[in-house]
Amino acid sequence: MLSNIRFIAAAFSLTVATMAAHAGQISYEELSTDAKLVTFETQPLNFGRPGPVFSGGLTFTSGNGSFRTYPSGSIELCESGCIMTDVELDYISVALPTPAAQAGGFVGVYNVPNHAQVEFYSNDLLLGTIAVDTAANEGKFAGWDAGQQLITSVRFVDVEDQQFTITLGEFAYSPTSTVPEPSNGFLFAVGILALLALRKGKLPQ
């Protein structure tokens, strides 16, 4: 009987670990097919623009309350427009209208190498962070799959004073994960089958 209990406990632990294994950092290519892409190409060229930036149904805010916006730039990061903080060591934050399983964005800086940090939150809970190092005029995607959690907001943080402000090129979010989650019914069925196998003596006693 004790060995049966140990077997069931081990099987349950393995199931939970498998379900959560894919949670964490993801590449742009790992976004699910229903991901929504938000760009800034319709934003007018503006420096020291007060207030938030609205695009694709999302609201982007900065720590000091102002932005620089650029509709289409000469660097790859800003091909579809971009937004920048207006001061050094600031951040760009976006609250999602509905919780998402995945989210991320292309982040970098004009003209100089950049060091940034991207933070993913489920309400007040920090799910994880990604350090992003880019060359001058380069943008890199920083994305997160929340696994069993849901992402409610993302913050792009400028962590180094390099005389240029942090830049966000595109933002993506998805209501679903790339890896299908087992349903409660499926897990219940697995448990029933395991118990039946135990009763028939097919599993180690």
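The shown structure was predicted, so the numbers you read here are calculated from the model rather than taken from an experiment.
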Candidate pair Asn111 and Asn137, rule side chain to side chain contact (heavy atoms under 4.5 Å, CB included), full reasoning: CA-CA 5 Å; Asn111 298 331; Asn137 299 325; 3.5 Å; yes

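- Applying the disulfide (SG to SG under 2.5 Å) rule to pairs touching residues 100-168 yields nothing, sequence neighbours excluded.
- The CZ atom of Arg68 sits 14.0 Å away from the CZ atom of Arg49 when rounded to the nearest 0.5 Å.
- Nearest approach of Gln25 to Glu30, heavy atoms of both residues: O-OE1, 4.4 Å.
- Under the 4.5 Å side-chain heavy-atom criterion for Ile, Leu, Val, Met, Phe, Trp and Tyr, Leu31 and Leu150 are members of distinct hydrophobic clusters.
- Side-chain atoms of Glu170 and Ser80 form a donor-acceptor pair, as typed in the model, at a separation below 3.5 Å.
- Residues Gln43 and Glu41 have side chains that never bring a donor and an acceptor to within less than 3.5 angstrom of each other.
- By the criterion of side-chain heavy atoms lying less than 4.5 angstrom apart, applied directly or through intervening Ile, Leu, Val, Met, Phe, Trp or Tyr residues, Ile130 is grouped together with Leu96 in one hydrophobic cluster.
- Using a 4.5 Å cut-off on side-chain heavy atoms (C-beta onward), Thr61 and Ile92 make no contact.
- Hydrophobic clustering of Ile, Leu, Val, Met, Phe, Trp and Tyr side chains at less than 4.5 Å, counting indirect connections, keeps Leu89 apart from Val112.
- Looking only at distances, a side-chain donor or acceptor of Ser55 sits under 3.5 Å from a matching main-chain atom of Thr39.
- Between Tyr70 and Cys82, the closest side-chain pair of non-hydrogen atoms falls below 4.5 Å.
- The closest side-chain heavy-atom distance from Phe60 to Phe54 is not below 4.5 Å.
- Aromatic pair Phe47/Phe67: ring centres not closer than 6.0 Å.
- Between the side chains of Asp34 and Ser174, at least one donor N or O sits under 3.5 Å from an acceptor N or O.
- Considering Thr165, Thr167, Asn64, Leu168 in turn, Thr165 is the only one that fulfils the side-chain contact (heavy atoms from CB on, under 4.5 Å) rule with Thr85.
- For the pair Phe171/Val154, a side-chain contact is recorded, criterion being any heavy-atom separation below 4.5 Å from C-beta on.
- Here the closest heavy-atom approach between residue Ala100 and residue Ala146 is recorded as O-CB, 4.5 Å.
- Under a 3.5 Å cut-off, the side chain of Lys140 and the backbone N or O of Asp133 do form a donor-acceptor pair.
- Residues Thr129 and Val118 form no side-chain contact, since every pair of their non-hydrogen atoms from C-beta on lies 4.5 Å or further apart.
- The SG atom of Cys78 sits 10.0 Å away from atom CD1 of Ile83, with the distance rounded to the nearest 0.5 Å.
- Contact of the Thr69 side chain with the Leu45 side chain is not registered, since no non-hydrogen atoms from C-beta on lie closer than 4.5 Å.
- The list of ring-ring contact (aromatic ring centres under 6.0 Å, His included) pairs with a residue in residues 126-162, not counting sequence neighbours, reads Tyr28-Phe141, Phe106-Phe141, Phe120-Trp144.
- Closest of all the heavy-atom pairs between Asp86 and Ser66 is CB-OG, 3.2 Å.
- Under the rule for a side chain to side chain contact (heavy atoms under 4.5 Å, CB included), the partners of Asn123 that lie at least two apart in sequence or sit in another chain are Thr152.
- Ser122 contributes no side-chain N or O that, together with a main-chain N or O of Leu125, makes up a donor-acceptor pair within less than 3.5 Å.
- Side chain of Gln102 to main chain of Ser32: a donor-acceptor pair is present (N/O by atom type, distance under 3.5 Å, no hydrogens or angles).
- Tyr91 meets the side chain to side chain contact (heavy atoms under 4.5 Å, CB included) test with Ser93, Arg155, Val157; sequence neighbours excluded.
- Between Leu58 and Pro97, the closest side-chain pair of non-hydrogen atoms falls below 4.5 Å.
- The two residues Gly147 and Ala23 come nearest to each other via the heavy atoms CA-CB, 3.7 Å.
- Between Pro52 and Thr59, the shortest heavy-atom contact is CB-CG2, 3.7 Å.
- Shown here are the salt bridge (Lys or Arg N to Asp or Glu O under 4.0 Å) partners of Asp90, two or more places apart in sequence or in another chain: there are none.
- Across all their heavy atoms, Ser153 and Ala95 have their closest contact at CB-CA, 4.0 Å.
- Contact of the Val107 side chain with the Ile166 side chain is registered, since non-hydrogen atoms from C-beta on lie closer than 4.5 Å.
- Residue pairs satisfying the disulfide (SG to SG under 2.5 Å) criterion with at least one member in residues 122-159, sequence neighbours excluded, are absent.
- For the pair Asn114 (side chain) and Thr134 (backbone), a donor-acceptor distance under 3.5 Å is absent.
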